[in-house]
Amino acid sequence: MRDKLKRLKRRAWLLLSLSALCCLFSACSGGGQSPLSPAGSGAEGISRLWWLMFYVCSVVFVLVIAATLLAVFHARRKEERTAAELPATDTPLVKPPEEQERRMRAVVIGSLVLTVAILFVFLIESFLTGRAVTAPLTSEANALTIEVTGHQWWWEVRYVDADASKMFTTANEIHIPVGVPVLVKLKASDVIHSFWVPNLQGKKDLIPGKPAQVWLRADKAGVYRGQCAEFCGMQHTLMAFFVIAEPSEQFYAWRTAQQRTSNAPATATQQRGQQVFLTSPCIMCHTIRGTQAGAAIAPDLTHIASRNTIAAGTLTNRRDELGKWILDSQTVKPGNHMPPNNLSAEDLQALLDYLESLK
Ligand code: CUA
């Protein structure tokens, strides 16, 4: 019997250690792309709600395990004592059935009331968080407005301005000023996508034909990775984007630079590169403002050299990666809409020279 008890104790310790490990891992889950490292108003509320649920559920878990172990130990002890040396004068081991019944009823009712109370707290907190997360952060007129369109598999980002000459389009990288409320108007061009920057805000679905919107406000400067959160086809996982929150001066300098048309080719190879671009299938899908290329099917390349990644966060924006992408993007991201390009080595180098000059 003593051996059995020892084994039971060992199991209890194992269970408790495992639970502690789980808690430790969940505490480590901050960092990179995580709603548990909030850097903006929306994510702040979501993370608060998550931690409330985590702590309450942890306490409930520990209580349930403790009650189970107590019941097991109690049953074993009773078994032990009834089996052998019960002295005649001893107090009865088993309480009268009425008293047992009364105690059981009290325990069950107490647990039930506690459970309902906890669920109500969760319900109310979820409702309040949902309301706070979707509430406008300012009046629409005062906000910086950005239109984001989800495509298979990249993000079109358009900065709206009352002055049409100041509007511009970019892709997959959304710059915003720190501390300023940003209204993101969402559309989908093909299938359902979902806009999600965990460190800043909750998810919002983009449903074709049903415009939606979400408010962002970054309270800390940083680069926050976002991800399409709705399965949207073969390359759903490679549909990332970045929100780059920067101090106001930096943001307005970036915006002014983006509003300009593209740099004119400065060297003979860049000039040749531009010709390659304008005479190859590239011109059928891409725009480079300031040239004849004005198609809006694929990302706007007017300032492609100012971006950190290409193909919706799939590759780093480096010369070799860009070359690989242009020649045969299907090997990198199968199923995407860009066809392979059969360019000679000189043409490719000239084209890369030109694209790298588009800061
Ligand atoms: Cu777009 Cu998943």
Side-chain angles (χ1 to χ4, degrees), residues 29 31-37 39-40 42-43 46 50 130 133-134 145-160 169-176 182-216 218 223-245 285-287 295-301 304 307-317 321-322 324-326 328-340:
S29 61
Q33 178 188 310
S34 165
L36 301 184
S37 321
I46 293 169
W50 194 89
V133 160
T134 49
T145 306
I146 303 173
E147 284 174 6
V148 172
T149 308
H151 298 273
Q152 280 177 319
W153 292 278
W154 62 284
W155 304 88
E156 181 183 338
V157 183
R158 186 170 162 78
Y159 284 74
V160 179
T169 305
T170 177
N172 306 320
E173 288 178 20
I174 304 171
H175 287 245
I176 59 170
V182 180
L183 175 61
V184 184
K185 295 192 167 176
L186 301 165
K187 278 189 300 182
S189 72
D190 34 41
V191 297
I192 301 177
H193 302 275
S194 183
F195 182 87
W196 189 34
V197 206
N199 301 67
L200 297 180
Q201 183 54 291
K203 294 171 188 172
K204 188 77 194 177
D205 279 359
L206 288 72
I207 300 170
K210 265 194 93 184
Q213 63 179 46
V214 70
W215 285 87
L216 294 182
V223 177
Y224 305 108
R225 192 178 187 277
Q227 171 66 43
C228 176
E230 181 72 46
F231 180 70
C232 55
M234 203 173 171
Q235 295 300 341
H236 154 71
T237 44
L238 295 182
M239 190 170 166
F241 61 100
F242 293 90
V243 173
I244 298 142
C285 301
H286 294 281
T287 289
I297 294 171
D300 185 304
L301 303 180
I304 186 185
R307 305 207 276 262
N308 298 316
T309 60
I310 48 175
T314 308
L315 298 173
T316 312
N317 192 2
E321 305 264 63
L322 190 57
K324 188 164 72 176
W325 178 258
I326 292 170
D328 193 1
S329 67
Q330 296 302 321
T331 56
V332 180
K333 200 168 168 176
N336 87 83
H337 298 318
M338 180 153 144

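Ligands are counted one by one from 1 in listed order, and the atoms in each one are counted from 1 as well. Quick caveat, the model's predicted, so the values are computed rather than measured.
L216 approaches Q201 most closely through the heavy-atom pair CD2-CB, 3.5 Å.
Two residues are said to be in side-chain contact when any heavy atoms from C-beta on lie closer than 4.5 Å; T309 and T314 fail this criterion.
Counting non-hydrogen atoms of other residues, nucleotides and ligands closer than 6.0 Å to NZ of K333 gives a total above 12.
Between the side chains of T149 and R158, not a single donor N or O lies within less than 3.5 Å of an accepting N or O.
In this structure, the side chain of Q235 engages the main chain of P334 through a donor-acceptor pair within 3.5 Å.
Distances shorter than 2.8 Å separate atom 1 (Cu) of ligand 1 from the protein N/O/S atoms H193 ND1, C228 SG, C232 SG, M239 SD.
Between H236 and the options W153, W154, F231, a ring pair (Phe, Tyr, Trp, His ring centres under 6.0 Å) holds for only F231.
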